[in-house]
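We count ligands from 1, going down the list as the structure has it; atoms in each ligand are counted the same way. None of these values were measured; they are calculated from a predicted model. Only this structure's heavy atoms are used, side chains among them; waters, hydrogens and symmetry mates stay out.
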Amino acid sequence: MDTPIYDFVQNYIKSNTARLHMPGHKGVSFLGCEAFDITEIRGADELYAPTGIIRKSEENATHLFGTAKTVFSAGGSSQSINAMLFLAYQKADKTHRPFVLAGRNAHKSFIYALAKLDADVEWLYPEASDSICSCIVSAETLERKINELSYKPFAVYITSPDYLGGMSDIASLSDVCKNYDIPLLVDNAHGSYLKFCEKDMHPISLGADMCCDSAHKTLPVLTGGGYLHIAKNDKYRFSENAVNAMAIFGSTSPSYLILQSLDLCNRYIDEKIKEDLSFCSEKCNEVKEIINKVGIPNISYEPLKITADLRGTDLDFECILSANSIEYEYYDGGFAVFMLTPQNSDNDFVKLKKVFENIGKIKKSNFTDIQFPKAERVMTIRDAVFAESEEINVEKALNRICASPTVSCPPAIPIAVSGEKITEKHIKLFKKYKIKKIQVIK
Ligand SMILES: Cc1ncc(COP(=O)(O)O)c(C=O)c1O
């Protein structure tokens with residue numbers, strides 16, 4: 001597969017042209033990557049009006065992901081989430097206040113997008129939940145909830161995979177959405193690679209109308225690189241305005257380092273990824289088996305994510321990992337998440353296996369599950385995010401109104417949502433997730 005963006009920059013570097021244009025480093029090495037860092041000069045195309053090399057590279061990605069249109073993001077999934085919601089909102093029935101029906105474990109960028117659009121949310125809660133990261137919603141629950149509503153939402157919004165590797169049944173949820181003629185949007189930030197696994201588990205392949213992928217989370221792409229995908233049948237004709245939607249929420253100076261990285265990733269996907277993923281999944285399965293054997297369940301359904309359920313143990317797990325020179329993706333004292341890709345070395349797998357082999361057989365004591373607090377909404381999300389606010393200690397937050405969504409990062413899932421009145425249950429959860437200060441309306 002060709003790599004037009006990368007090739008253009010290589011030729012530009014070789015041409016020794018005087019760089020009398022932005023950026024200010026002029027290709028001189030400070031960090032080391034400056035020579036590759038260009039801007040929208042002649043021939044380099046424009047991310048938000050692509051007709052040349054960027055268009056060609058996006059067409060390559062469109063072909064690889066089997067979509068109607070795949071657009072590059074230099075602002076991660078956050079930018080694509082804004083654009084997805086914007087595109088669906090444009091088509092909303094505006095005779096009442098538009099709202100989206102969303103899984104409660106949405107990332108904070110979802111809340112910011114609703115604030116910008118001045119749209120509301122109705123939450124879908126999980127049937128059972130042991131973490132704020134997970135919200136597996138069944139097709140039955142979705143259908144029941146749709147039938148309870150007075151108006152149709154302008155979209156259903158599901159986060160899958162979730163931070164712990166939980167995966168919703170997108171195919172069944174998509175059937176429900178199709179029956180009720182509601183677009184299904186999926187936050188697939190963690191799952192770009194799912195398209196290329198032995199069994200294709202990408203949300204677009206399973207019936208989502210649009211999804212965002214953080215390419216940088218699971219593919220060999222620089223931080224910030226992502227995609228907005230629109231399904232092949234494009235029932236709602238989202239692709240017509242997709243580039244404009246991305247432009248509304250992105251910088252006019254997108255990073256060409258990221259664009260080259262996405263461009264090169266096309267070739268990697270085309271030539272090598274399937275074989276690499278199959279091998280890497282096997283190695284992850286070996287680690288999962290070891291974890292299960294010592295009595296610590298792996299609860300991730302994702303092939304390349306390992307989530308050790310350490311609740312009810314008194315291990316000083318952070319200390320154990322540091323002593324073994326391992327950095328985790330996420331650890332909240334209960335769940336430890338490790339993200340692996342084919343770019344991890346064999347030694348990385350050996351180290352992780354050793355940690356669990358050396359722990360020995362574990363016996364767990366009782367622990368309590370965590371539930372999302374259901375809260376009273378007293379202001380719209382937009383009014384709360386845009387209002388004057390102040391930071392206070394969580395102990396003093398009872399009955400105050402949440403301003404900006406208060407999150408621990410990762411997983412950046414709001415415990416209290418902007419505009420909600422804060423309850424004792426919220427405060428307990430803030431403390432559990434070590435959040436000490438929160439932003440409330442003045
Ligand atoms: C579930 C989920 N959605 C969206 C995002 C935002 O993605 P990005 O950092 O690529 O903007 C994240 C980031 O961690 C995430 O975990």
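Between Phe65 and His229, the two ring planes are tilted [angle within 30° to 60°]. Ring orientation note: the planes of Phe249 and Phe86 are nearly perpendicular, at an angle over 60° on the 30°/60° scale. Between Phe72 and Tyr227, the ring planes are tilted. Angles from 30° to 60° get that label.
With a 4.0 Å cut-off on non-hydrogen atoms, Asp162 does not touch ligand 1 at all. Under 4.0 angstrom from ligand 1, the non-hydrogen atoms of Ala189 all belong to its side chain.
The closest side-chain heavy-atom distance from Met246 to Ser73 is below 4.5 Å.
The protein heavy atom nearest to atom 9 (O) of ligand 1 is Lys217 NZ, 3.5 Å. In this structure, the protein non-hydrogen atom closest to atom 11 (O) of ligand 1 is Ser78 OG, 2.6 Å. Among protein heavy atoms, atom 8 (P) of ligand 1 sits closest to Ser77 N, 3.4 Å. Of the protein's non-hydrogen atoms, His107 CD2, 3.5 Å is the one closest to atom 15 (C) of ligand 1. The protein heavy atom nearest to atom 2 (C) of ligand 1 is Asp187 OD2, 3.4 Å.
Using a 4.0 Å cut-off to heavy atoms of Tyr163, the atoms of ligand 1 that qualify are 16 (O). Every atom of ligand 1 with a heavy atom of Ile81 under 4.0 Å away is listed here by number and element: 4 (C). For ligand 1, the atoms sitting less than 4.0 Å from at least one non-hydrogen atom of Gly76 are 10 (O), 11 (O), numbered in the order shown with element in parentheses. Residue-ligand proximity, Ser214 to ligand 1, at heavy-atom distances under 4.0 Å covers atoms 7 (O), 8 (P), 10 (O).
A distance-only check finds a donor-acceptor pair linking the side chain of Ser345 to the backbone of Asp348 [under 3.5 Å]. Under a 3.5 Å cut-off, the side chain of Asn188 and the backbone N or O of Asp213 do not form any donor-acceptor pair.
Close to ligand 1: His216, with a non-hydrogen atom less than 4.0 angstrom away.
Remark: the Tyr151 side chain and the Glu122 side chain contain no N/O donor-acceptor pair separated by less than 3.5 Å. Neither side chain, Asp120 nor Thr380, offers a donor N or O lying under 3.5 Å from an acceptor on the other.
Ligand 1 has no N or O atom lying under 3.5 Å from any N or O atom of Ser109, backbone or side chain. Between His190 and ligand 1, an N or O atom pair is found at a separation short of 3.5 Å.
The pair Arg55-Glu59 meets the salt-bridge criterion, since a charged nitrogen lies less than 4.0 angstrom from a carboxylate oxygen.
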